[in-house]
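As structure tokens, the structure follows; a few thoughts come after it.
Counting starts at 1 for both ligands and their atoms, following the listed order. When reading the values below, keep in mind they use all heavy atoms of this one structure, side chains included, and skip hydrogens, waters and symmetry mates. What you are looking at is a predicted structure, and each value in this text was computed from that prediction instead of being measured.
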Amino acid sequence: MMNNRQLAEAFTLIADLSEIKGENIYKTLAYRKAADSLLNLGREASEYWKEGKLNDIPGVGKAIAEKIDELLTTGKLEFLERLKKEVPPGLVEWLPIPGLGPKRAALIWKTLNITTFAELEAAARAGKLRDLPGMGAKSEAAIVEGIESLSRRTVRIPLGRAYPIAQALIAEFKKVKGVVDAQPGGSLRRMRDTVGDLDILVASKDPAAVMDMFVKLPRIHRVLGKGPTKSSIEFNDGLRVQLWVHPPQEFGTALVYATGSKEHNIRLREMALAKDLSLSDHSFKNILDGSEIFCATEEEVYETLGLPWIPPELREDRGEIQAAKANKLPKLIQRKDIKADLQMHSTWSDGKLSMLEMARLAAKRGMKVIAFTDHSVSLGVTGGLSMEKHKKQAAEIRKIQKQLGDSILVLHASEVEIKADGTLDYPDDFLASLDLVLASLHTSLRQPREKVTQRVINAIRNPHVDIIGHPTGRLIPGREGADLDMEAVLNAAAETGVAMEINAHPARLDLNDLHARRAKELGIPIAINTDAHSEEDLDMLPYGVATARRAWLEPKDVINTWTPKKLLDWLKKRGR
Ligand code: DGT
Ligand code: CA
Ligand code: ZN
């Protein structure tokens with residue numbers, strides 16, 4: 001059964017091929033909208049399909065519903081197969097090249113009879129594009145340049161890499177004369193798990209000074225554009241940064257605009273228009289009399305629209321505007337609410353520090369409870385623990401607990417492997433003897449959907465499992481998680497009351513925002529854990545909190561906000 005990502009890929013391909021074919025733009029937009037909507041759907045489209053409710057999916061009308069139906073029934077789509085015969089699918093790879101749209105792609109393909117990326121690159125370098133109608137040496141050079149920059153650029157940048165770089169840049173900008181404020185914008189400020197580029201906003205009375213400093217930063221490969229209020233650069237490693245500079249009195253509108261998301265902004269502009277106001281990055285302009293309202297802060301922007309301020313993590317047009325109107329925005333969880341960290345590793349398996357060192361570092365960061373979840377026996381590469389070794393670890397924990405006193409409570413836990421056959425790594429009576437059990441997948445992630453889903457459900461149904469760690473096993477960037485039927489997994493968790501983890505490490509952020517939000521809807525307790533293997537890892541907690549905020553989670557939804565007593569009571573109720 002195709003999942004949402006595969007369905008979305010099919011519709012994106014249809015849109016790309018149709019554009020090259022020269023189809024009407026409104027048609028192709030409808031396919032893109034459907035693809036977008038599928039990617040942002042909290043549940044699998046196949047669930048809607050089984051209920052006969054495909055039309056409930058935003059952006060899915062009759063024609064698209066029929067196509068989804070065919071894809072889910074047969075795994076193929078006759079319409080797309082025909083399209084692929086008319087337009088070679090390889091051409092789609094040309095579309096991201098700056099300076100080469102669908103029209104030019106079609107022209108090059110038809111006149112030179114080439115269809116692959118490599119052939120295009122060779123033709124451009126050999127000077128074969130300049131003589132085509134409507135082109136010239138300049139546009140040919142732009143295409144060569146575009147191909148080069150594309151091959152340098154990694155697709156999307158993990159938030160964990162982008163965020164520290166942005167903070168360092170912001171610190172630099174704040175040193176420039178005339179600068180009053182500097183903030184992240186775009187997906188960076190909304191804390192998406194990956195970002196396409198870094199957007200940074202600066203409030204300054206002297207924009208030119210900031211722009212000049214920006215385009216002269218070290219390690220710049222090239223300046224993509226330089227203007228009075230907006231410039232962008234590309235660093236040698238392919239990372240792109242867009243800088244927006246505005247006078248302090250309009251910083252609010254500028255920040256709202258540049259934070260996005262685009263979809264959220266569109267909704268705000270609609271609301272403004274209903275009040276005869278046109279909202280831009282500079283101001284609200286009254287369309288009747290031309291007068292302007294300037295907003296120095298975001299609060300003023302939202303207030304002008306009759307809304308409370310909306311936290312950036314919610315600005316995805318996923319119901320936040322309706323919630324704001326009704327004064328029902330969630331009271332989002334914050335870093336300071338977290339008092340427990342229920343997955344971390346020590347030198348007993350693959351961690352870098354001793355349990356005592358980790359406990360002290362965690363206490364220093366405000367933790368009242370931690371759980372050592374050293375790996376289980378079958379995960380040999382990580383020094384997984386035998387049951388014999390666990391006895392020694394238990395004794396060691398009793399010893400360090402005395403040294404630590406009541407500064408922090410240390411739980412003896414395990415990150416028990418959910419094995420390829422769906423069984424757990426230790427017998428039940430042993431699991432029952434631990435303070436807490438977290439079960440995770442690390443191996444055979446590529447099993448077919450039914451099988452890998454069943455493995456996780458088995459673990460959820462085991463009465464001795466308390467938390468499912470990093471449920472899909474994805475790694476950012478580069479490794480897709482297991483093809484889980486998340487709806488089935490979450491339904492099982494809702495039945496048994498097992499907690500689902502948001503792993504805070506920026507390479508994981510697993511559950512993701514959408515799945516975590518669905519988990520909340522189903523009343524499933526959520527854990528946010530660092531999975532720390534070192535001191536630095538303990539500081540990754542804010543990424544997990546950000547993902548939780550993107551999932552609309554409040555402190556009450558997250559077990560790590562509980563007092564030690566409440567946490568122990570919960571574990572006791574679970575049979576411990
Ligand atoms: P990214 O970089 O792909 O992770 O995503 P964003 O959300 O950072 O988007 P980006 O970098 O293309 O643009 C930054 C912000 O600029 C975006 O969040 C909202 C605003 N923006 C960009 N394009 C448009 C547009 O066409 N309309 C409106 N209203 N806003 C836009
Ligand atoms: Ca961006
Ligand atoms: Zn793990």
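When only non-hydrogen protein atoms are considered, atom 7 (O) of ligand 1 lies nearest to Arg190 NH1, 2.9 Å. Among protein heavy atoms, the minimum distance from atom 8 (O) of ligand 1 is reached at Ser187 N, 2.8 Å. In this structure, the protein non-hydrogen atom closest to atom 16 (O) of ligand 1 is Trp244 CH2, 3.5 Å. From the protein, the heavy atom lying nearest to atom 29 (N) of ligand 1 is Arg269 NH1, 2.7 Å. Among protein heavy atoms, atom 2 (O) of ligand 1 sits closest to Asp197 OD1, 3.0 Å. Residue, atom and distance of the protein heavy atom nearest to atom 15 (C) of ligand 1 are Ala258 O, 3.2 Å. From the protein, the heavy atom lying nearest to atom 20 (C) of ligand 1 is Tyr257 O, 3.3 Å. Taking atom 26 (O) of ligand 1 as the reference point, the nearest protein heavy-atom neighbour is Lys262 CE, 3.5 Å.
For Glu316 and Arg550, the salt-bridge test passes: some basic side-chain N is under 4.0 Å from an acidic carboxylate O. Between Arg318 and Asp513 there is a salt bridge, since at least one side-chain N of the basic residue sits less than 4.0 Å from a carboxylate O of the acidic one.
For Arg156, every heavy-atom contact with ligand 1 shorter than 4.0 Å involves the side chain, none the backbone.
Looking only at distances, a side-chain donor or acceptor of Glu554 sits under 3.5 Å from a matching main-chain atom of Lys331. Proximity of a side-chain donor or acceptor of Arg5 to a complementary backbone N or O of Leu39 within less than 3.5 Å is not detected. A donor-acceptor pair under 3.5 Å is formed between the side chain of Ser280 and the backbone N or O of Ser283.
Using a 4.5 Å heavy-atom threshold, the side chains of Pro184 and Ile170 count as touching. Counting heavy atoms from C-beta outward, His470 and Gln343 have side chains that approach closer than 4.5 Å.
For atom 22 (C) of ligand 1, no protein non-hydrogen atom is found at a distance below 4.0 Å. Note that atom 12 (O) of ligand 1 has no protein non-hydrogen atoms nearby, at separations under 4.0 angstrom.
Rounded to the nearest 0.5 Å, atoms CZ (Arg449) and CE (Met2) are 11.5 Å apart.
Of the listed residues (Asp531, Thr547, Asn529, Asp510), just one forms a side-chain hydrogen bond (donor to acceptor under 3.5 Å, both in side chains) with Asn503, and that residue is Asp531.
Using a 4.0 Å heavy-atom cutoff, Ile266 is absent from the residues neighbouring ligand 1. Distances shorter than 4.0 angstrom do not occur between any heavy atom of Leu188 and any atom of ligand 1.
The ligand atoms of ligand 1 that sit less than 4.0 angstrom from a heavy atom of Val195 are 4 (O). Taking a cut-off of under 4.0 Å to the non-hydrogen atoms of Thr259, the atoms of ligand 1 that pass are 18 (O). Applying the 4.0 Å criterion to heavy atoms of Asn265 picks out, from ligand 1, the atoms 19 (C), 29 (N), 30 (N).
With atom 14 (C) of ligand 1 as the reference point, the heavy atom nearest to it among Ile157, Thr194, Asp199 is part of Asp199.
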